[in-house]
Amino acid sequence: MSKVYVEDLSKHVGQEVRLHGWLYNKRSSGKIRFLLLRDGTGVVQGVMAKGAVADATFELFDQLTQESSFSLSGKVRKDDRAPGGFELDVTGMEIIHVAKEYPITPKEHGVEFLADRRHLWLRSARQHAIMRVRHRIIKAIRDFFDDRGFTLVDSPILTPAACEGTSTLFETPYFDLGSAFLTQSGQLYAEAGAMALGKVYCFGPTFRAEKSKTRRHLTEFWMVEPEVAFNDLNDNMDLAEEFLEYIVQSVLRDRAPELKTLERDVTKLQNVKRPFPRVSYDEAVEILHKRGIAFEWGNDLGGTDETVVSENFDRPVMVHRYPAAVKAFYMKRDPANAKVALAVDVLAPEGYGEIIGGSQREDDYDLLLARIDEQKLPREAFDWYLDLRRFGSVPHSGFGLGVERTVSWICGLDHVRETIAFPRMIYRLTP
RNA sequence: UCCGCGGUAGCUCAAUGGUGGAGCAUCCGGCUGUUAACCGGAGGGUUGUAGGUUCGAAUCCUACCCGCGGAGCCA
């Protein structure tokens, strides 16, 4: 008898197969009994009628508790009544482990209760779907860059100092060298990589010790950061929109059942095609003023400001040329207007906010050094970074995409805590 | 750090000054096509903690603890 997974049942109609999994739920109508087997690839209902299986097998049903592990053998039957399209007429069952009373019932639960049991919560259909979409997004990210000649250059997680000098970092003792900090961005290292390999990306976890308490923040999150030598801001925006289109269309193509489980309105995702609207910060401020928002030129866009701007478009919008004062020291100023930086943020639709932040980098040694001094950053820490402007400096650009915010947007979630298996937040370090 | 909301059965909630309830989960019984199955029955409580007001507090007051959401910061 062949050992199969639920997702492959369509290839075994009429055959006797064996499945291994966990009890998702069971129902009984006396002499006919139904059990839902979950194996990680899907859920299938096994049907047992008294008399059709050995009495000993029929009675095993009573011992099975929710999430008990067991194997089921039976004949695969196509059945339009089944949500997955197939059912199993059970011929045999073997219990592997009888689960203790399972805390997550098929009814509603609060976020704290579920978060405390995140290791079990992952077994439920919704979380399963989110993890599958997340994985597809990450695969799309890697495929996109790999297919376009980028080289993966991983940046260090332990770093000697702040990359941007603004965020609060996690600090840890580091032998005789004092303190190390968990990275908040791999960008500076990616720039070094781009000068060596042309087109690179780094992809890893990043850490922010800020006490943010919102639906868009985690203290540990994943970020992918491409960096390309000889790309200017426009090239950077071209890359960003092609990238996002590729991710969204890949998920739409390969994860339709999961999006359905999540009850995601996919028509909103189908719009995500090039070209994306590009508005300058000045134009974004105009949009805000037209909506009656008292926004002062020079400020950064807040969460609600971003939502208002993005509501004007049916796909991600790229806002470029922000006031230099609110942006990082390494961003190049616009030659046409020294007050603004050649920066771009990509705002996701439906109020999901900033999912990409990027810029053309300052490639002039003297200007970069002046910025470092202006922001009172320690020169020594950036000496290696300045080397990139001493030895064959070139125009270059890149951006960072926040994986969790992207997953949250594509899945239509209301909080990023569900986008990663074990979220780390200000008041949560477990499980 | 600031602002707002909340904490009652294992879970989700009701009870707003007068005998703490319901649904689900658990246990027992019934049902040959159930889809968060359904029907009948049972057990299950120091109402977050400490103090105060009152004849009487889940309910009103004070402090603290914990959580949630938002702001700032950012992806």
Side-chain angles (χ1 to χ4, degrees), chain A residues 24-36 43-53 58 62 65-67 77 79-84 87 89 100-117 121 124-126 163-169 183-187 203-225 240 299-307 326-328 345-348 352-358 399-409 414-417 419-420 425-428:
Chain A
Y24 197 61
N25 202 355
K26 68 177 185 180
R27 290 178 278 271
S28 168
S29 187
K31 299 203 171 51
I32 185 165
R33 295 175 167 181
F34 306 94
L35 26 87
L36 295 178
V43 176
V44 68
Q45 175 165 269
V47 184
M48 289 194 302
K50 192 168 176 64
V53 290
F58 192 73
D62 290 331
T65 54
Q66 192 187 352
E67 288 301 319
R77 176 169 41 77
D79 192 316
D80 293 336
R81 289 171 293 189
E87 282 193 343
D89 286 323
K100 304 260 186 275
E101 190 179 331
Y102 193 66
I104 302 179
T105 65
K107 279 276 179 179
E108 305 144 25
H109 298 283
V111 285
E112 188 188 0
F113 181 83
L114 290 169
D116 284 342
R117 292 157 186 79
W121 187 19
S124 55
R126 213 180 137 73
C163 290
E164 305 181 12
T166 51
S167 297
T168 318
L169 304 183
T183 184
Q184 58 164 337
S185 163
Q187 182 208 310
F203 192 5
T206 47
F207 308 86
R208 305 280 165 92
E210 269 140 10
K211 295 191 170 182
S212 298
K213 268 184 61 103
T214 83
R215 65 184 65 208
R216 304 184 305 280
H217 289 87
L218 297 172
T219 55
E220 175 182 315
F221 64 97
W222 285 68
M223 189 157 64
V224 57
E225 295 171 280
N299 291 339
D300 204 352
L301 265 45
T304 46
D305 303 322
E306 289 177 352
T307 301
V326 299
K327 288 293 181 185
D345 282 357
V346 182
L347 309 180
Y352 281 94
E354 184 184 347
I355 53 171
I356 280 180
F399 59 82
L401 171 99
V403 169
E404 285 72 21
R405 285 188 185 176
T406 304
V407 176
S408 185
W409 163 49
D414 59 14
H415 201 299
V416 290
R417 70 181 146 221
T419 63
I420 186 166
M425 292 176 292
I426 172 170
Y427 293 126
R428 177 165 297 279

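The sequence lines fix the lettering, A, B, ..., with proteins before strands; numbering per chain opens at 1. We use all heavy atoms of the structure for the numbers below, so side chains are in, but hydrogens, waters and symmetry mates are not.
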Once you apply a heavy-atom cut-off of 4.0 Å, does [X] come out as touching a base, just sugar-phosphate, or nothing?
X: Asp345(A); result: nothing
X: Gly353(A); result: nothing
X: Glu225(A); result: nothing
X: Arg77(A); result: base
X: Phe113(A); result: sugar-phosphate
X: Arg428(A); result: nothing
X: Leu218(A); result: base
X: Arg81(A); result: base

- With stacking defined as ring centroids separated by under 5.5 Å and planes differing by under 30°, is Phe221(A) stacked against rA75(B)?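 So yes, this residue stacks on that base, both cut-offs being met.
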
Among [options], which nucleotide sits nearest the side chain of [X]?
X: Glu306(A); options: rU34(B), rC74(B), rC68(B); value: rC74(B)
X: Arg216(A); options: rA71(B), rG69(B), rA25(B); value: rA71(B)
X: Thr214(A); options: rG72(B), rA75(B), rU34(B); value: rG72(B)
X: Arg215(A); options: rG69(B), rA75(B), rG33(B); value: rG69(B)

- Message: Would you compute the distance between atom CD1 of Ile356(A) and atom CD of Glu225(A) and round it to the nearest 0.5 angstrom?
- Response: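 Reported value, rounded in 0.5 Å steps: 11.0 Å.
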
- Note on the structure: Rounded to the nearest 0.5 Å, the CD1 atom of Ile420(A) sits from the CE atom of Met425(A) at a distance of 10.5 Å

- Under 3.5 Å for both distances, Watson-Crick or G-U wobble, that's the pair rule; now give the dot-bracket for RNA chain B, with | marking pairs to another strand and [ ] for crossing ones. (((((((..((((....[..)))).(((((.......))))).....(((((..]....))))))))))))....

What's the gap between [N] and [M] when it is taken at their [atom1] atoms, as a whole Å value?
N: rU1(B); M: rA9(B); atom1: P; result: 29 Å
N: rC65(B); M: rU46(B); atom1: P; result: 24 Å
N: rG21(B); M: rG44(B); atom1: C1'; result: 13 Å
N: rA50(B); M: rU8(B); atom1: P; result: 16 Å

- Along nucleotides 26-32 of chain B, 5' to 3', which nucleotides get a B, which get an S, and which get a -, given that the test is a protein heavy-atom distance under 4.0 Å? S----BB

- base_contact_polar (rC74(B) base, His217(A) side chain, donor-acceptor, <3.5 Å): yes

- Checking only heavy atoms, does the side chain of Arg117(A) share a donor-acceptor pair with the base of rC11(B) at less than 3.5 Å?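 Under the 3.5 Å cut-off, the side chain and the base do not form any donor-acceptor pair.
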
- Phosphate contact (rC39(B) OP1 or OP2) by Arg27(A) side-chain N/O below 4.0 Å: no

- Message: On RNA chain B, compare the nucleotides closest to His415(A) and Thr219(A); which residue's is nearer the 5' end?
- Response: His415(A)

- Message: Assuming nearest nucleotide by heavy-atom distance, tell me which of Lys327(A) and Met425(A) is located more 5' along RNA chain B.
- Response: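 The 5'-side residue here is Met425(A).
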
- Do Arg33(A)'s NZ or CZ and the ring of Phe58(A) fall within the cation-pi criteria of under 6.0 Å and 45°?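 The answer is yes; both the distance and angle limits are met.
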
- Message: List the residues meeting salt bridge (charged side-chain N to carboxylate O under 4.0 Å, His left out) with Arg428(A), not counting sequence neighbours, and say none if there are none.
- Response: Asp116(A)

